[in-house]
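Notes follow once the structure below has been shown.
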2 protein chains.
Amino acid sequence: MQTGDTELIRAINRFHVLDTIRRFEPVSRAAIGKRTHLSRVTVSSLIATLLQEGLIHEESDETTNSGTRGRPTNLLGLNPNAAYVVGAKLSMHQVFLIVTNLRADPLARLSLPLHPHQLVPDAIVALLDEGVRSVVALAGLKLGQIAGLGIGLPGFIDSKAGISHWSPILAPEPKPVALADMVRRRLGLAVTIENDANLLTLAERWFGECQENDNFVVVMMEAGIGMGLFLDGELYRGQHGMGTEFGHSKIDRHGPRCRCGQYGCIEAFTADYAILREAEKIIRTPAAHEGADDTAEAETRVATVVRLAREGNVALRQIFATAGEILGLGIANLINIIDPAKIVISGSGTRAVDLIEPALRAAVAANTLAVLQNRCEIIFHDQGDEVWARGAASLVLQALYRKPWTPASGAEIAIMPGTTARHQKGRP
Amino acid sequence: MQTGDTELIRAINRFHVLDTIRRFEPVSRAAIGKRTHLSRVTVSSLIATLLQEGLIHEESDETTNSGTRGRPTNLLGLNPNAAYVVGAKLSMHQVFLIVTNLRADPLARLSLPLHPHQLVPDAIVALLDEGVRSVVALAGLKLGQIAGLGIGLPGFIDSKAGISHWSPILAPEPKPVALADMVRRRLGLAVTIENDANLLTLAERWFGECQENDNFVVVMMEAGIGMGLFLDGELYRGQHGMGTEFGHSKIDRHGPRCRCGQYGCIEAFTADYAILREAEKIIRTPAAHEGADDTAEAETRVATVVRLAREGNVALRQIFATAGEILGLGIANLINIIDPAKIVISGSGTRAVDLIEPALRAAVAANTLAVLQNRCEIIFHDQGDEVWARGAASLVLQALYRKPWTPASGAEIAIMPGTTARHQKGRP
């Protein structure tokens, strides 16, 4: 039980000072005192500690003091190089790795192909081991300088326990896989695993379009349709860390069979495989297999369908319009149920935004309750691969800014004063 | 900004002591110290204040000390009569009022008929004024002894602002109605208004089936289908306090028209008016009007349909089976998206539970993703009218137990030490 004592007070005050610096940098000690209502002594003491830990840095403000007397005012800001982290995104056909700092500046990146026979835990862990070491070297860093590794992957991920309950990347493993532990043992790094849509959601919150929003939804259009929920200022994970399966919510009682085995799922109309299934009825390409090894091939073939639709094939255009309508219907349901301030549609599926957007917006308007009309902003925002750097940096920031009065989050990555100092020394 | 100071520490410690007493009463000072890890001095000081405020009471424990020496151990418990509140539920055809204490014991109740011409703000406020005064007198109390009034009503209610953006009860008023303020001015009481499904959700949390659940959903089957979401330990209200419109989420692209004007809503299959619309095709009763004045009549007619279905009318039974299937499909979507620990189905619509439950459970099983199967408990729990006493008491408890480190909630009702003492004196 977290009862009130002087240690907690200091943690609370530290949070507010650090948060003020992050939000208003560069900022003076006086301004911090004013915003936090803390005494000069308290602010000075906390800042001394934060400087010593290397989390913030100080620079004299030449502008303000030119021509005035007295000591120059020193401005404080977050030290972007207080921590380096590696972000990894596991997809069906590649492992993408990126090294970044606290500001999510990309320092080095690496993409390793993933072959179907590697879609088992041991091979994935070996590939991550190799990939992380390589990308860290590419960034001119040593493994000891990395504060943590954040891994995003599709599936049912218990981030707190570091366990993947099910992921297409770790198939055919039917049992839960303690992925975070396995990677940690190989690399000796703090490792956090997270559902890829959740990681994308954190990236939107810390670096993207939702920095000011406490209630928003990220819909991720990749091979499947993922979702992240950010509610009341926190990432929402559900009771078992496994909800937010937007792609398999049903919007058509008499709809087609989905690859999950059920009927009328949003994915059964909008996922790559569904687009191709319908396209084959029109352009007679060879039948697509729906297996894991075909993801890359499917992407290429969808790109062809997109091109032909853009060139004017009316029947193909209708496939995307239907996908947009179904997605819009699902989004209207989210608005009716969750009442978010914003919905961000992201992921490689947004490449066909011009083909799906008109039908999507029409369906949202037709199916959102009158009282909720036009209250939720819907935007398309694909950040490309760098989003995984932002996601990894977000995990660190989330650990760093953990509110002292809330229960511990699942984030493994943490910045220890000692290691931070070492990082700084290690960096030329 | 809530920075750490000694006042905050005391508030945090007070919360933990009070919460420990509520959860483990009757409980000794020593046990409280053990559970909270607070010093004997701190615990004693806080308990002295709570006793003085009348929020807790003390009784000597005869059992434990029989035969032992030393001072008798005094056990502490919450004082159920520390506050009296009035709960009001506004429905289309009646205003139901109930007086209760902190333990939600019903002390008096009153039901006033509501006529169609009274469905305007001024008439509702006048009726509430009259009703509250009457029910308080029935309980043998004076208005000055009432800590607050909690009003539940259907519609889009901004509880924090005390405003009804839209409610069938306040129709045809198209503008927002500052209902809480209007009632407060008439009665001189602290007034909180709340969407009725949300009030029911709070009642489940504080007194019902979800006291141990941090993530649960309440589906309320009344004239329409309402919903309350309790997520991550808090009532979820959405960005504009207006979401959770489960009844108008769409589960059938080609479904029938709903009275909201859109198509394929859950209500278009499951609400009273939808049941009657289908039943009329079979049993040729006079066509039902869907206007506000027909709610009571509709309830009677639905009761007839339920009876005939129970007696074996196969076609009528199928109407309820379809309603159950649609509701199950919607509930499966909630499980897929929100991953709650429990879903409670409540309200007068559960009177036909035997007719809808088998199809409902089958549809949930058929449409919940494999990984989420059997992880969410679904129960039928109708609390009857007393639930509104529990809801009103919950509003007080919620204000009383507001965690000191979270932002202020919308609850208006608060217990002031001074007034509490007066209440106790006023009570014989």
Side-chain angles (χ1 to χ4, degrees), chain A residues 1-5 8-13 16 35-38 156 165-166 214-215 227 229 231-232 234 236-246 248-255 260-262 326 329 332-341 366-367 369-372 375-376 403 405, chain B residues 1-5 8-13 16 35-38 156 165-166 213-215 227 229 231-232 234 236-246 248-255 260-262 326 329 332-341 366-367 369-372 375-376 405:
Chain A
M1 188 175 287
Q2 177 82 74
T3 45
D5 58 21
L8 176 61
I9 293 192
R10 196 170 160 84
I12 290 173
N13 291 342
H16 287 300
R35 287 189 182 276
T36 58
H37 303 294
L38 290 170
F156 305 109
H165 285 276
W166 178 82
D214 272 353
N215 297 293
M227 179 172 81
L229 288 179
L231 305 179
D232 283 345
E234 303 285 343
Y236 178 75
R237 296 171 191 278
Q239 179 68 20
H240 310 95
M242 288 188 296
T244 75
E245 280 303 310
F246 177 63
H248 297 285
S249 60
K250 278 71 179 170
I251 33 64
D252 190 345
R253 241 180 120 198
H254 308 289
C260 76
Q262 299 177 347
I326 296 291
L329 197 48
N333 278 352
L334 287 179
I335 296 173
N336 290 334
I337 291 176
I338 291 168
D339 179 22
N367 294 288
L369 273 185
V371 74
L372 287 163
R375 285 176 180 269
C376 175
K403 299 186 185 84
W405 53 90
Chain B
M1 189 175 287
Q2 177 82 75
T3 46
D5 58 21
L8 176 62
I9 293 191
R10 196 170 160 84
I12 290 173
N13 291 342
H16 287 300
R35 287 189 183 275
T36 57
H37 303 293
L38 290 170
F156 304 109
H165 285 276
W166 179 82
N213 297 116
D214 272 353
N215 296 293
M227 179 172 81
L229 288 179
L231 305 179
D232 283 346
E234 303 285 344
Y236 178 76
R237 295 171 193 276
Q239 179 68 22
H240 310 95
M242 289 188 296
T244 74
E245 280 303 309
F246 177 62
H248 297 284
S249 60
K250 278 70 179 171
I251 34 62
D252 190 346
R253 242 180 120 196
H254 308 289
C260 76
Q262 299 177 346
I326 295 291
L329 197 48
N333 278 352
L334 287 179
I335 296 173
N336 291 334
I337 291 176
I338 291 169
D339 180 22
N367 294 288
L369 273 185
V371 74
L372 287 163
R375 286 176 179 268
C376 175
W405 53 89

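Each chain gets a letter, A, B and so on, in the order its sequence line appears, and its residues count up from 1.
- Between chain B and the options A/L369, A/L229, A/D214, A/D232, heavy-atom pairs under 4.5 Å are most frequent for A/L369.
- Contact check for B/Q262 versus B/K250: side-chain heavy atoms found under the 4.5 Å cut-off.
- Looking at A/A366, only its backbone comes within 4.5 Å of chain B, counting heavy atoms on both sides.
- At a threshold of 4.5 Å between non-hydrogen side-chain atoms, the residues B/L372 and B/N336 count as touching.
- Annotation: side chain of B/I326 is in contact with side chain of A/R253 (closest heavy-atom distance under 4.5 Å).
- Proximity to chain A (any heavy atom under 4.5 Å) is restricted, for B/L329, to the side chain, taken from C-beta onward.
- Inter-residue side-chain proximity for A/D339 and A/N215 is flagged as unmet; no heavy-atom pair is nearer than 4.5 Å.
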